[in-house]
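Report on the structure given below.
Counting starts at 1 for both ligands and their atoms, following the listed order.
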Amino acid sequence: MPKSISMVTALKQYDIVADCSDNVPTRYLISDACAVAGKPLVSASALRWEGQLTIYNHQGGPCYRCLFPIPPPPETVTNCADGGVLGVVPGIMGCLQAQEVLKLASGIDPSYSSTMLMYDALDGRFRNIKLRGKRADCTTCGSGSESRILENYEAFCGSSASDRCRTLYLLSATERMTVQEYKQLLDDGVPHVLIDVRPQVEVDICHLPHSVHIPLSQLEAGNAADLLGERRGTSECGSQWKKLIVVCKLGNDSQKAVKILQRLSEEGFNEFTVKDIAGGLMAWAEKIDPAFPKY
Ligand SMILES: [Zn+2]
């Protein structure tokens, strides 16, 4: 991901910008940079069976941030790597995007300024939605506000600027531990419970023998207190449950689980501390136990 300010400098030499990116932080960066550089932004996106197309920052129309002032919670964003996309949909949206760029370059009014084209490949249907105008209080392009470029768009969105192997940043460094720290904790014999939150099918492939399995899906279903109570009740050493450590494959789902468990602790359910293991079991395999299966 280019540095924010150098992005503005890069865009200044062009007349029209097309956003063909595949992740939320890059979309915010490009839109903000276009607003600062005063360039129209032809933006297209595709996911699963659906595509969207609009032109931001043109003829008094909104910028991306006018429509979405706050990024969606990273754990709710589905990208093409996770959700998939029907191969022809980006092709269709890309052709329409090129068509709008050509119109702008020819001095012809584009069709989707302040309008969003929605394409549903499953129904084979196109719809146009009229967008609100520029927001007066938009922090990027609103009147009276300084045009603004952020220092770090990944931190702003809580996710990495990549469609591959997404990394979430839901927890602070003090709420996490490295695999080396976890190994030390094991070697020191510190009482704790290791909760593996992966789906059953992955636990069947490999797991650390002392881990307790509580899938994230069950924690998210809203009965976390019951699940913990149940497991603690059948455990020989109840005191271990004062220190919970959560692990998953890569360290993303474990952060979501820690957030859920932190809420329980705040609600007064059996005071405990909870951290996750950054990088998850794949980091464990990489850095601690080369014999541990990678999948
Ligand atoms: Zn705006």
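Applying the salt bridge (charged side-chain N to carboxylate O under 4.0 Å, His left out) rule to pairs touching residues 200-225 yields nothing, sequence neighbours excluded. Sorted by first and then second residue, the ring pair (Phe, Tyr, Trp, His ring centres under 6.0 Å) pairs involving residues 190-217 (not counting sequence neighbours) are Y182-H192.
With sequence neighbours excluded, the residues satisfying side chain to side chain contact (heavy atoms under 4.5 Å, CB included) with S217 are P215.
When the options V274, L219, V246 are evaluated for a side chain to side chain contact (heavy atoms under 4.5 Å, CB included) with I260, the one that passes is L219.
The number of heavy-atom neighbours closer than 6.0 Å to CG of L122, taken from other residues, nucleotides and ligands shown, is above 12.
Residue-and-atom listing of protein N/O/S atoms under 2.8 Å from the Zn ion (ligand 1), sorted by chain and number: C63 SG, C66 SG, C138 SG, C141 SG.
Ion pairing between K103 and D109 fails under the 4.0 Å rule for side-chain N and carboxylate O.
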